[in-house]
2 protein chains.
Amino acid sequence: MNRPGLRERKKIETLHRMQGEAMRLFEEQGYDETTIEQIAAAAGVSPSTFYRYFPTKEDVVVQDEYDPMIVAAFQDQPEGMAPIEALRTALRVLFGQFTPEDMERVRKRVDIIVSVPAVRARQVQQSVATERLISEMVAERTGRDATDLEVRHFAAVLVASWTAGVIAWSDGGLGEDLMTIMDRCLDHLERGVPL
Amino acid sequence: MNRPGLRERKKIETLHRMQGEAMRLFEEQGYDETTIEQIAAAAGVSPSTFYRYFPTKEDVVVQDEYDPMIVAAFQDQPEGMAPIEALRTALRVLFGQFTPEDMERVRKRVDIIVSVPAVRARQVQQSVATERLISEMVAERTGRDATDLEVRHFAAVLVASWTAGVIAWSDGGLGEDLMTIMDRCLDHLERGVPL
DNA sequence: GACATTTTGATAGTAACTATCATTTGATAG
DNA sequence: CTATCAAATGATAGTTACTATCAAAATGTC
């Protein structure tokens, strides 16, 4: 069996070091004021290496490994469960595994995503991929086609709901925790967003 | 009263010429393969002038004058009307004023928005502004606060629904017209996106 | 026609990103 | 342990979007 190996371990370590140093520099001097050269230098690598790990500067903030976890948690839910309910439960399970440090990291990232337009834009590109993922999972679950208007609409609206929740959580200070806000958003959505 | 004047007329003309030439070049040789220098040259202006009209290359596709029209049409709707219904009607009114040529132009723009990630990202930044606009209009109408979670959630989800509709329309070939698709999306949303 | 103001053009510079090739480092077989 | 191969890194040069600044031209006003 393929044990991790020094090579792979070093790569992961380098990746995390670059992300860590980048976040530190962003906090200290701002996103736009930080160059890739600085990030690379702080992490002890060349700019070339930076670009091998992150296709764009924005990715150093946006990139994470949560998507496959969500997919797994979603598919763990029982067949008969309604899609929106399955997703809610999946998120609950995922958050349950997060340490407070994880949450703090997420919050810092979201802060930048919300406040730097270019990063937010990049995040949205990610969301498009997530939408497709949801469309496919939901299509499989309901026996519909993934290109069906209502399936795609469901995915788009759900991602928007989720995003709105995260943003509200991030700039809402320490008011409520993320899951509570998410529940309120999903409830509101299920009722047809009445006002 | 301020009559248009030669100066303003020329500016509008220059703006439209740049957008027109840009769209032509994008169609002919692709978005990424077209430089701002080329667009400026084709429109008979300097690159400096291009940047005075459009802050980014993406804006030449994304920028339009529809937002204020939507706001106006929305505020024309009777007080008592539910927000989602008022918006639906406002859109219907707006589309009614569009010529087939307008629609063709919109479709070409949407094609690029959907297919070029950078442009789509820029469009999303616009959408964030639109969300805020909707939040404020809805807040005024319902007597709530514009920073209220449910108000912001409503705006976010509504913009997502609308966007999903436009995208489906754009790559759905000549199947249905935009307003029909929009109606289906808004209906689906009002019912709580059941599947 | 003279003057003020707005719009444009030209120039130089920064930084993100790409492409390419030589160099180093970790994995592997003998 | 060494020789060899593959993967990862570094260095270099170049393109292009975008910024800042100042001089020149076009337009509006008296």
Side-chain angles (χ1 to χ4, degrees), chain A residues 1-19 21-23 25-26 28-63 112 116-123 125, chain B residues 1-19 21-23 25-26 29-63 112-113 116-123 125:
Chain A
M1 325 300 160
N2 268 337
R3 322 254 26 252
L6 175 56
R7 211 170 237 172
E8 282 188 56
R9 261 184 292 131
K10 260 197 164 178
K11 273 181 77 173
I12 294 175
E13 197 188 311
T14 304
L15 185 130
H16 285 149
R17 199 169 59 250
M18 282 192 285
Q19 279 184 321
E21 293 298 311
M23 290 302 290
L25 288 167
F26 293 160
E28 283 177 19
Q29 37 176 311
Y31 180 86
D32 286 328
E33 288 69 30
T34 304
T35 72
I36 286 181
E37 220 171 336
Q38 290 176 329
I39 300 172
V45 299
S46 73
S48 305
T49 299
F50 179 94
Y51 282 112
R52 280 200 192 87
Y53 283 80
F54 305 103
T56 73
K57 181 181 173 185
E58 289 82 36
D59 280 283
V60 89
V61 181
V62 163
Q63 215 173 89
I112 296 182
V116 182
V119 180
R120 183 156 186 177
R122 182 68 179 172
Q123 165 61 33
Q125 284 182 244
Chain B
M1 329 301 156
N2 269 337
R3 322 256 20 256
L6 175 56
R7 212 166 236 173
E8 282 188 58
R9 259 183 294 130
K10 260 196 164 177
K11 273 182 76 173
I12 295 176
E13 197 188 312
T14 304
L15 185 131
H16 285 150
R17 199 170 59 250
M18 281 192 284
Q19 279 185 320
E21 293 298 312
M23 290 301 291
L25 287 166
F26 293 159
Q29 36 175 315
Y31 180 85
D32 286 329
E33 288 70 30
T34 304
T35 73
I36 286 182
E37 221 171 337
Q38 290 176 328
I39 299 172
V45 297
S46 73
S48 307
T49 299
F50 179 93
Y51 281 112
R52 280 198 193 88
Y53 284 79
F54 305 103
T56 73
K57 181 181 173 184
E58 289 82 37
D59 280 282
V60 90
V61 181
V62 163
Q63 216 173 87
I112 297 183
I113 290 173
V116 182
V119 180
R120 182 155 188 180
R122 182 68 180 172
Q123 164 62 33
Q125 284 182 244

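So that the names make sense, note that chain A is the first sequence line, chain B the second, and so on, each numbered from 1.
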Inset, instruction - Return the nearest nucleotide to the side chain of A/Tyr51; candidates are D/dG10, D/dC18, C/dT18. - result: C/dT18
Inset, instruction - Would you please say whether a donor-acceptor pair under 3.5 Å links the side chains of A/Glu58 and A/Thr56? - result: yes
Inset, instruction - Can you tell me the distance, in whole Å, between the CZ atom of A/Arg52 and the P atom of C/dC17? - result: 16 Å
Legend entry - Phosphate contact (D/dT16 OP1 or OP2) by B/Thr35 side-chain N/O below 4.0 Å: no
Legend entry - B/Lys11 side chain near C/dT7 phosphate (N/O to OP1/OP2, under 4.0 Å): yes
Inset, instruction - Looking only at side-chain atoms of A/Arg7, point me to the closest of D/dA7, D/dA17, C/dC17. - result: D/dA7
Inset, instruction - Provide, to the nearest angstrom, the distance between the CG atom belonging to B/Leu15 and the P atom belonging to C/dT8. - result: 10 Å
Inset, instruction - Find the partner of C/dA29: check Watson-Crick (N1-N3 plus N6-O4 or O6-N4) and G-U wobble (N1-O2, O6-N3) distances, both under 3.5 Å, and reply none if neither fits. - result: D/dT2
Legend entry - Value in whole Å for how far the P atom of C/dA15 lies from CG of A/Asp32: 11 Å
Inset, instruction - Ignoring the backbone of B/Thr49, work out which of C/dT8, D/dA11, D/dC18 is nearest its side chain. - result: C/dT8
Legend entry - Pairing of A/Glu21 and A/Arg17 as salt bridge, 4.0 angstrom limit: no
Inset, instruction - Consider the side chain of A/Lys57, meaning its heavy atoms from C-beta on, and name the nucleotide among C/dT6, D/dA17, C/dA16 that approaches it most closely. - result: C/dA16
Inset, instruction - Indicate, yes or no, whether a donor-acceptor pair under 3.5 Å links the base of C/dA10 to the side chain of B/Ser48. - result: yes
Inset, instruction - Please work out if A/Tyr53 contacts a base, only the sugar-phosphate, or nothing of the nucleic acid, heavy-atom cut-off 4.0 Å. - result: sugar-phosphate
Inset, instruction - Locate the shortest heavy-atom distance separating A/Tyr31 from A/Lys57; write the atom from each residue and the value. - result: O-NZ, 3.1 Å
